[in-house]
Amino acid sequence: FLDSRESRLFASDPATPVRVPDAPLAVPYRSDPDFIPRPELFRDMRELLGDDSARPVVLTGLGGVGKTQAALEFALAERSRFPAGIFWVD
């Protein structure tokens, strides 16, 4: 049987995004207050993750350019878009 939160998820209009305030966020790093925003990268990541597919998004580049921190900051900024939570895989 479904609990009340699961019932609300399945009863919702499929066109309306469901927000679960206590979605898990399992990431092994902390936010960096000196992080320099990358709006173009975040826009591209939103587009790639916006079609409800289960495919991964991979950031590539030379070591030290900020791939890990960009992924972390994106996860923190976009947490509400992922009601099932965000889990870091390394």
Side-chain angles (χ1 to χ4, degrees):
F1 295 130
L2 301 176
D3 68 22
S4 62
R5 185 170 72 172
E6 291 168 328
S7 296
R8 286 192 310 271
L9 290 174
F10 289 109
S12 300
D13 175 6
T16 304
V18 175
R19 302 287 189 237
V20 179
D22 58 349
L25 178 68
V27 295
Y29 306 103
R30 294 184 182 163
S31 180
D32 181 353
D34 296 324
F35 177 74
I36 298 170
R38 295 179 172 88
E40 298 85 14
L41 174 62
F42 282 18
R43 182 198 64 230
D44 292 345
M45 292 172 69
R46 269 188 227 97
E47 287 177 13
L48 290 168
L49 293 168
D51 64 0
D52 293 331
S53 71
R55 70 174 181 227
V57 173
V58 178
L59 302 179
T60 62
L62 297 173
V65 297
K67 299 176 298 292
T68 299
Q69 198 64 42
L72 170 68
E73 298 296 338
F74 180 83
L76 295 171
E78 300 293 321
R79 180 179 186 180
S80 66
R81 292 184 59 220
F82 302 96
I86 296 174
F87 301 89
W88 195 271
V89 179
D90 192 2

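Predicted, not measured: the structure shown is a model, and the values here were computed from it.
Taking both residues in full, the closest heavy atoms of Leu41 and Ala70 are given as CD2-CB, 3.7 Å, listed atom of the first, atom of the second, then distance.
Here the side chains of Leu76 and Leu25 are in contact, with some heavy-atom distance below 4.5 Å. Arg81 has its side chain within reach of Arg46: a pair of non-hydrogen atoms, C-beta onward, lies under 4.5 Å apart.
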Side-chain donor-acceptor pairs under 3.5 Å in residues 27-34, sequence neighbours left out?
{"residue": "Ser31", "atom": "OG", "partner": "Glu73", "partner atom": "OE1", "Å": "3.1"}
{"residue": "Ser31", "atom": "OG", "partner": "Glu73", "partner atom": "OE2", "Å": "3.0"}
{"residue": "Asp32", "atom": "OD1", "partner": "Asp34", "partner atom": "N", "Å": "2.8"}

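Scored by the ring-ring contact (aromatic ring centres under 6.0 Å, His included) test, Phe87 finds no partners at all (sequence neighbours excluded).
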* Does the pair Met45 and Leu59 meet the rule for a side-chain contact (heavy atoms from CB on, under 4.5 Å), with working shown? -> CA-CA 9 Å; Met45 292 172 69; Leu59 302 179; 4.2 Å; yes

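Counting Ile, Leu, Val, Met, Phe, Trp and Tyr side chains that sit under 4.5 Å apart, directly or through other members, Leu62 shares a hydrophobic cluster with Val65.
Residue Phe74 is tested with Phe35, Trp88, Phe42 for a ring-ring contact (aromatic ring centres under 6.0 Å, His included); the sole match is Phe42.
We find the NZ-CG distance between Lys67 and Leu72 to be 14.0 Å, quoted to the nearest 0.5 Å.
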